[in-house]
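Remarks on the structure that follows.
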Amino acid sequence: MIKKALCLALLASASLASAQEQVVNLYSARHYSTDEALYSNFTKATGIRINRVDSDDAGILARLKAEGTASPADVILLVDAARLYRGEVDGLFQPIRSKVLEDAIPAQYHAKASADGISWFGFSTRGRVIVYDKLSVKKADVDTYEELADPKNKGKVCLRSGSHPYNLSLFGALMEHMGEQKTEAWLKGVVDNMARPPRGGDTDQIKAVASGECQIAVSNTYYIARMIRSANPDDRAVMEKVGVVFPNQSTWGTHLNIAGGAVAKYAKNRANAIKFLEYLASPQAQAYFADGNNEWPVARGVDISNPALKAMSGGTFKSETIPLSAIGMNQTRIQQMLDRVGFK
Ligand code: FE
C-alpha cells in the first residue's frame, strides 16, 4: 500500500517536471545549416527547448492538414510568400496579437491583419536575380526579367523547375506586373530559350553557367552569397566567371521573396510559440539571418551589413512593392499556364 502511494507520488512529481519543462514544437522548411545557432540561442536565452521537424514547404502544409487537431506543431517556418499565404487561406495558422511583432515587422512583410490578429510574419527577404556568363553575355541583355524570354537569348537559359515555390512566386509576381496574357507569352518565351530541361536547384544553375552548359540563370541571392563566401576555392572560381544582375531597376524592381513564420492553428504551447516568433524579430536573430544565411533582415531599426550581399547588389537596389498576398493568389493560374506552355 505504501509502495503504491510512493509510486503515485513519484509519477505525480515526474509529470509535474515534464509539465514544467518548456518546449516549442517547430515545423521548419528552413534548410540552412547556419540556422543552428539561431535555435540554440533561443533555448539559451529562454530555457525553452525546441523540437524541430524539417521538411519542405509543401510537406509541412500537407502534414498539418493530415494531423488536424492532433498536430503537435506550435510554430511553422516557411521559405516562400505564396506558401505562407496558402497556409493562411487553408486555415492552418492562428492569427496572433503581439505588440513586439507588429512594432518590429513592417506591414508589407506580414499577413493582412484581421479582427483576430495577424496570421503570419515575414522575418527575412531574398532577391531572385539573374546570373550570366560574363564572357558571352552582355549585362544589358539580361537586366530585366522580360529579357529571359527574348529571342536574342535563345538556347542560353537554365532554370530549376517552374513548379518550385521560388519560381512560382516569381511568376506570380510577374503576373501582377505584366498581366495574365503577357505573363503566359513570357513563360512560353522562357521555355523556348532554355538550354536544357529544368533540373536541380539554384546553385546547380549557377554552376551550369560557369561550366558553359548555359549562359543565363536565375537564383536566390543567398545561394550566390554563399558561393562568394565559400571556403571551397571551386565555388569562388565559379563566382569569378559569372555576373549578377538585380533585374528591372528602371521599372518595377527586383522580385523579393520572404521567409516567415506563424503559430499553428492547434498549437499546444501557444505562449512559447509567440515568444519564439518575437525572438525571430529581435536584432540578434535578425543578425543570424543576415550573417548566417545571407538574407536581408526586415525588422525595423535593424541595420546589418553583410559584405557579400553588399558586393552583389552594390549596396542598395530597387525591389518590387506589390502585396505578397497577390503572389499567392496568382499561383493557381500560373500553374495552369506552366502546363499549357510545357514548362516542367
Ligand atoms: Fe532555398
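Counting starts at 1 for both ligands and their atoms, in listed order. Quick caveat, the model's predicted, so the values are computed rather than measured. Just so you know, these numbers use all the heavy atoms, side chains as well, and skip hydrogens, waters and symmetry mates.
For the atom pair OG1 of T43 and CD1 of I50, the computed distance is 4.0 Å after rounding to the nearest 0.5 Å.
Cation-pi check for R160 over Y166 is not met; the charged atom does not lie both under 6.0 angstrom from the ring centroid and within 45 degrees of its normal.
N51 places no side-chain N or O within donor-acceptor distance of the main-chain N or O of V24, the cut-off being under 3.5 Å.
Scanning all heavy atoms of the two residues, the minimum distance from G117 to P95 falls at C-CB, 3.8 Å.
Ring orientation note: the planes of Y32 and Y222 are nearly perpendicular, at an angle over 60° on the 30°/60° scale. Relative ring orientation between H177 and W252 is described as parallel, the plane-to-plane angle staying below 30° on a 0-90° scale split at 30° and 60°.
Each protein N/O/S atom under 2.8 Å from the Fe ion (ligand 1) was counted, for a total of 4.
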